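I have placed the structure first, in the form of structure tokens, so that the comments after it can refer back to it.
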Amino acid sequence: MSTIAAFYGGKSILITGATGFLGKVLMEKLFRTSPDLKVIYILVRPKAGQTLQQRVVQILNSKLFEKAKEVCPNVHEKIRAVYADLNQNDLAISKGDMQELLSCTNIVFHCAATVRFNDHLRHAVQLNVTATQKLLLMASQMPKLEAFIHISTAFSNCNLKHIDEVIYPCPVEPKKIIDSMEWLDDAIIDEITPKLIGDQPNTYTYTKALGEMVVQQEGGNLNVAIVRPSIVGATWQEPFPGWVDNLNGPSGLIIATGKGFLRALRATPMAVADVIPVDIVVNLTLAVGWYTAVQRPKSTLIYHCTSGNLNPCYWGKMGFQVLATFEKIPFERAFRRPNADLTSNTFTTQYWNAVSHWAPAIIYDFYLRLTGRKPRMTKLMNRLLRTVSMLEYFINRSWEWSTCNTEMLMSKLSPEDQRVFNFDVRQLNWLEYIENYVLGIKKYLLKEDMAGIPEAKQHLKRLRNIHYLFNTALFLIAWRLLMARSQMARNVWFFICPPYNL
Ligand SMILES: CCCCCCCCCCCCCCCCCCCCCCCC(=O)SCCNC(=O)CCNC(=O)[C@H](O)C(C)(C)COP(=O)(O)OP(=O)(O)OC[C@H]1O[C@@H](n2cnc3c(N)ncnc32)[C@H](O)[C@@H]1OP(=O)(O)O
Ligand SMILES: NC(=O)C1=CN([C@@H]2O[C@H](COP(=O)(O)OP(=O)(O)OC[C@H]3O[C@@H](n4cnc5c(N)ncnc54)[C@H](OP(=O)(O)O)[C@@H]3O)[C@@H](O)[C@H]2O)C=CC1
């Protein structure tokens with residue numbers, strides 16, 4: 001029997017961000033490996049017209065939970081959705097719920113965050129810093145609390161090149177930032193944001209760094225640990241390969257490439273693509289929860305959950321494998337044939353943007369107008385290129401993360417725990433993983449049927465023929481113009497192909 005799985009048996013666990021990508025996989029694994037856990041409290045807000053209960057039912061009815069429900073048939077009874085909004089001052093938790101959470105919780109996994117790079121600083125601080133502070137305050141009033149695990153990001157100090165498993169101080173104290181956000185108006189916040197974030201690329205990484213400082217300063221007497229994953233990708237093995245349900249990280253750009261919209265990317269092919277499968281992050285997080293509760297380390301330990309230093313993959317290799325997979329498993333109704341280049345040269349990127357992104361979009365919109373339809377491609381391209389520009393920072397640099405604590409933890413696990421809670425990224429085969437990732441995007445994100453693959457391949461063949469026809473026509477027009485206007489071109493042409501009667 002796994003020691004870690006047994007540890008979670010009978011426990012009351014509180015998860016924030018359980019409706020998010022990581023949170024769902026965390027819940028699934030807990031139910032599958034520790035079906036005898038007492039209860040999982042999840043802090044949820046109503047969203048998109050759905051009540052809390054509807055959201056929970058939708059999650060539990062998804063394919064992700066099929067295996068977990070076989071092992072733990074009464075999973076519905078073991079989830080307790082608690083109304084909460086982490087943006088509100090009191091987290092909007094009712095008195096009754098708060099009482100129950102405070103008196104029963106044994107372990108807290110704090111996953112909730114805004115992961116948007118371009119979020120307004122006020123909102124990012126509210127969620128990634130202030131809410132963390134409030135949860136720590138709550139945790140300090142939980143008599144049965146054994147561990148508080150905070151999920152941060154490996155990029156919280158991405159202004160550094162080498163990052164150790166320590167908390168680096170931010171120039172301005174988090175408390176001062178929290179206070180100022182309460183009285184400064186939006187215009188002033190907009191003005192000071194670049195100065196505050198300094199050499200951080202966006203408000204997300206900046207506020208995640210502040211969040212870590214808050215954990216260090218206010219988690220004083222608690223048993224706290226921080227997990228820092230890098231770019232979280234689809235599942236590697238568990239509960240099945242390739243599961244993913246949002247556009248974050250590489251997923252959105254893989255779709256844009258597969259659908260033929262994205263044809264060039266300013267990326268450094270030899271920069272490390274520090275992607276980490278979500279099931280590895282979850283396995284490490286659960287192992288950290290166990291170790292923190294049982295061993296009670298004297299200081300707050302930080303665990304890097306990264307792939308680069310143990311089993312590196314590079315953006316060039318990843319891009320190549322993504323394209324190779326589209327040959328076998330194409331996406332349906334592509335705009336153009338998937339074919340993209342990675343280039344680290346800004347001038348080349350601008351050239352490809354004009355030729356491969358804007359020109360086809362403008363031509364297609366012209367065609368839509370001609371056929372009486374509403375143009376939409378230039379708008380879509382605009383949005384896509386804006387998104388790409390936000391991600392460029394992360395695909396043109398490499399970082400070195402030390403993983404001493406993570407490796408130490410692995411050495412403390414029994415062979416059975418190393419198998420059940422495997423977070424050894426050295427065992428990951430990238431080519432296989434990327435292929436499953438693309439397949440997972442097709443099945444679970446785009447919800448495309450595998451039976452449609454022959455038709456998708458036919459469609460790509462048609463696009464290839466259109467492409468050849470278009471290029472031939474373009475060449476003939478250019479040739480005709482040149483022959484009509486340039487004596488030198490005519491001389492060269494007649495030299496190569498002399499007329500018959502000579
Ligand atoms: C040699 C051969 C080479 C061949 C090349 C082939 C290329 C193959 C592809 C290779 C993949 C390379 C991908 C690299 C990606 C690297 C990502 C790096 C991420 C670093 C992570 C840091 C670690 C973290 O902790 S972050 C957590 C994850 N966060 C994110 O990923 C970002 C989240 N999203 C945002 O910040 C914003 O949504 C943003 C900035 C992307 C866009 O914001 P904006 O306000 O402009 O619009 P939105 O309203 O948010 O969305 C507009 C529109 O875009 C869709 N969308 C959202 N996110 C993404 C996305 N990540 N990619 C693509 N599209 C996205 C969104 O759904 C909206 O669409 P609608 O149709 O309007 O709904
Ligand atoms: N994805 C990645 O590549 C990486 C993620 N991380 C970290 O992992 C953690 C989880 O990220 P991930 O699962 O990808 O993110 P998601 O965006 O998928 O999930 C975010 C979660 O936070 C919840 N949340 C957001 N705002 C509120 C609010 N006001 N009140 C209550 N809940 C709220 C969301 O709820 P709702 O469903 O209602 O919106 C959702 O459950 C984060 O801490 C992130 O920083 C770290 C490195 C990389």
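FYI, the numbering just counts along the sequence from 1. If you're wondering where the values come from, they're calculated on a predicted model, not measured in any experiment. Atoms within each ligand, like the ligands themselves, are counted from 1 in listed order.
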Nearest protein heavy atom with distance in Å, relative to atom 54 (O) of ligand 1: Thr387 OG1, 4.1 Å

Residue and atom name of the nearest protein heavy atom (relative to atom 36 (O) of ligand 1), distance in Å to one decimal: Phe117 N, 2.7 Å

Member of Tyr437, Phe21, Trp236 meeting the ring-ring contact (aromatic ring centres under 6.0 Å, His included) criterion with Trp243: Phe21

Test: Lys63 cationic atom under 6.0 Å from Phe240 six-membered ring centre, within 45° of axis: yes

Proximal ligand 2 atoms for Cys111, defined as those under 4.0 Å from one of its heavy atoms: 9 (C), 10 (C), 42 (C), 43 (O)

N or O pair under 3.5 Å between Arg386 and ligand 1: yes

Atom 35 (O) of ligand 2: nearest protein contact (heavy atom, Å): Thr19 OG1, 3.2 Å

Distance from atom 20 (C) of ligand 2 to nearest protein heavy atom, with residue and atom: Ala113 O, 3.6 Å

Residue pair Glu212 / Ser156, side-chain donor-acceptor N/O under 3.5 Å: yes

Heavy-atom protein neighbour under 4.0 angstrom from atom 51 (O) of ligand 1: no

Side-chain donor-acceptor pair present, Gln200, Thr205, cut-off under 3.5 Å: yes

Test: Glu28 and Lys67 ion pair at under 4.0 Å: no

Taking atom 68 (C) of ligand 1 as the reference point, the nearest protein heavy atom with its distance: Arg383 NH1, 4.4 Å

Minimum heavy-atom distance between Met213 and Cys170, given as atom pair plus value: SD-N, 3.1 Å

Donor-acceptor pair between Asp97 and Ser94 side chains, under 3.5 angstrom: yes

Ligand 2 versus Ala154: contacting region, heavy-atom distance under 4.0 Å: neither

Phe394 and ligand 1 - part of the residue with a heavy-atom distance under 4.0 Å: side chain

Residue-ligand contact Ala131/ligand 2, heavy atom below 4.0 Å: no

Closest protein heavy atom (residue, atom, distance) for atom 7 (C) of ligand 2: Ser152 O, 3.7 Å

The one among Thr114, Thr153, Ile15, Val232 that brings a heavy atom closest to atom 2 (C) of ligand 2: Val232

Arg55 heavy atom under 4.0 Å from ligand 2: yes

Pair Tyr41-Glu100, side-chain donor/acceptor within less than 3.5 Å: yes

Sub-4.0 Å heavy-atom approach of Pro229 to ligand 2: yes

Residues His123 and Asn87: side-chain donor-acceptor under 3.5 angstrom: yes

Nearest-neighbour protein heavy atom for atom 15 (O) of ligand 2, which is reported as residue plus atom name and distance: Val115 CG1, 3.7 Å

Nearest-neighbour protein heavy atom for atom 31 (O) of ligand 1, which is reported as residue plus atom name and distance: Gly249 N, 2.7 Å

Atom 47 (C) of ligand 2: nearest protein contact (heavy atom, Å): Ser230 O, 3.1 Å

Geometric N/O contact Asp341 with ligand 1, under 3.5 angstrom: no

Heavy-atom protein contact below 4.0 Å for atom 10 (C) of ligand 1: no

Shortest protein heavy-atom distance from atom 21 (C) of ligand 2, along with the residue and atom involved: Gly17 CA, 3.6 Å

Minimum non-hydrogen distance to atom 6 (N) of ligand 2, winning option of Phe155, Phe394, Tyr204: Tyr204

Ion pair check, Lys379 and Asp365, cut-off under 4.0 Å: no

Close N or O approach (Leu323, ligand 1; < 3.5 Å): no

Residue pair Phe65 / Pro239, side-chain heavy-atom distance below 4.5 Å: no

Under-4.0 Å heavy-atom contact between protein and atom 73 (O) of ligand 1: no

Note: Lys259-Glu332 ion pair, threshold 4.0 Å (strictly below): no

Protein heavy-atom partner closest to atom 29 (N) of ligand 2 - residue, atom, separation in Å: Asp85 OD1, 2.9 Å

Ligand 1 to Ala340 polar contact by distance, N or O atoms, under 3.5 Å: no

Ligand 1 to Ser230 polar contact by distance, N or O atoms, under 3.5 Å: no

His150, Gln126, Gln50, Lys208: member with heavy atom nearest to atom 43 (O) of ligand 2: Lys208

Residues Asp279 and Lys29 bridged, charged N to O under 4.0 Å: no

Met318 near ligand 1 by a heavy-atom separation under 4.0 Å: no

Atom 63 (C) of ligand 1: the protein heavy-atom neighbour that sits closest, reported with distance to 0.1 Å: Gly252 CA, 3.5 Å

Side-chain donor-acceptor pair present, Thr16, His110, cut-off under 3.5 Å: yes

Asn118 N/O to ligand 1 N/O under 3.5 Å: yes

Polar atom proximity, Leu247 to ligand 1 (N or O, under 3.5 Å): yes

Closest protein heavy atom (residue, atom, distance) for atom 14 (O) of ligand 2: Phe21 CB, 3.9 Å

